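Since the model is a prediction, treat every value here as computed from it, not as a measurement. This chain uses plain numbering: 1 for the first residue, then up along the sequence.
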Amino acid sequence: MPEILWEPNRDDVDNSNMVKFIDFINKNHNLNINEYNDLFNYSIKNIEVFWKDIMEYFSIKSHGNYEYILSKYPMPGNKWFGGLKLNYAEKCF
């Protein structure tokens with residue numbers, strides 16, 4: 001096994017965006033996600049809810065209202081957040 005070059009300390013982990021996002025999901029959905037693998041499994045079992053959580057947690061500004069989160073299954077070839085518009089220049093600056 002290769003030598004570990006860096007490992008975050010407990011404070012870094014506790015203050016990471018991932019842990020804060022997990023806390024957000026747990027609070028909003030009354031769940032008990034504890035680690036990355038739990039988050040990963042939640043994201044693939046609850047695709048539409050997960051991406052709605054992403055939009056809310058990161059306060060992604062958009063224009064309009066979406067009619068659906070995911071147009072069809074399976075991926076690829078689907079459309080996300082139909083009816084919503086994002087201004088990419090607004091996101092960059």
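In summary, K52 and E56 engage in a salt bridge, as defined by a charged side-chain N under 4.0 Å from a carboxylate O. Using a 4.0 Å cut-off between a side-chain N of Lys or Arg and a carboxylate O of Asp or Glu, K27 and D23 do not qualify as a salt bridge.
In this structure, a donor-acceptor pair under 3.5 Å is absent between the side chains of N37 and N41. Side-chain contact annotation: N46 with H29, donor-acceptor N/O pair under 3.5 Å absent.
Follow the hydrophobic side-chain contacts under 4.5 Å out from L84 and you reach I60 in the same cluster. In the hydrophobic cluster analysis, where Ile, Leu, Val, Met, Phe, Trp and Tyr join through side-chain heavy atoms closer than 4.5 angstrom, F58 is grouped together with V49. Put simply, I69 and Y73 are part of the same group of oily side chains (I, L, V, M, F, W, Y) that touch within less than 4.5 Å, one to the next. In the hydrophobic clustering of this structure, M55 groups with F50; members are Ile, Leu, Val, Met, Phe, Trp, Tyr whose side-chain heavy atoms approach within less than 4.5 Å, directly or through other members. The same ILVMFWY cluster, assembled from side-chain heavy atoms under 4.5 Å apart, contains both W80 and Y66.
By the 4.5 Å heavy-atom criterion applied to side chains, F81 and W51 are counted as neighbours. For the pair F21 and I54, the minimum side-chain heavy-atom distance is below 4.5 Å. Residues E35 and L39 fail the side-chain proximity criterion, which asks for heavy atoms closer than 4.5 Å. Residues H63 and L86 have side chains not in contact (no heavy-atom distance under 4.5 Å, counting atoms from C-beta outward).
Without hydrogens or angle criteria, N78 side chain to L70 main chain gives no donor-acceptor distance under 3.5 Å. For the pair D38 (side chain) and N34 (backbone), a donor-acceptor distance under 3.5 Å is present.
To the nearest 0.5 Å, atoms CG (D14) and CG (N9) are separated by 9.0 Å.
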- [ ] Run the numbers on Y42 and D53 for side chain to side chain donor-acceptor pair (under 3.5 Å), then give the verdict.
- [x] CA-CA 11 Å; Y42 170 78; D53 290 339; 2.8 Å; yes
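In N65, the CG atom is not crowded: 12 or fewer heavy atoms of neighbouring residues, nucleotides or ligands sit closer than 6.0 Å. Around the OH atom of Y36, the shell of radius 6.0 Å holds no more than 12 heavy atoms that belong to other residues, nucleotides or ligands. Crowding of N30 atom CG: a count of heavy atoms from other residues, nucleotides or ligands under 6.0 Å not exceeding 12.
Considering every non-hydrogen atom in both I22 and I33, the closest pair reads CG2-O, 3.2 Å.
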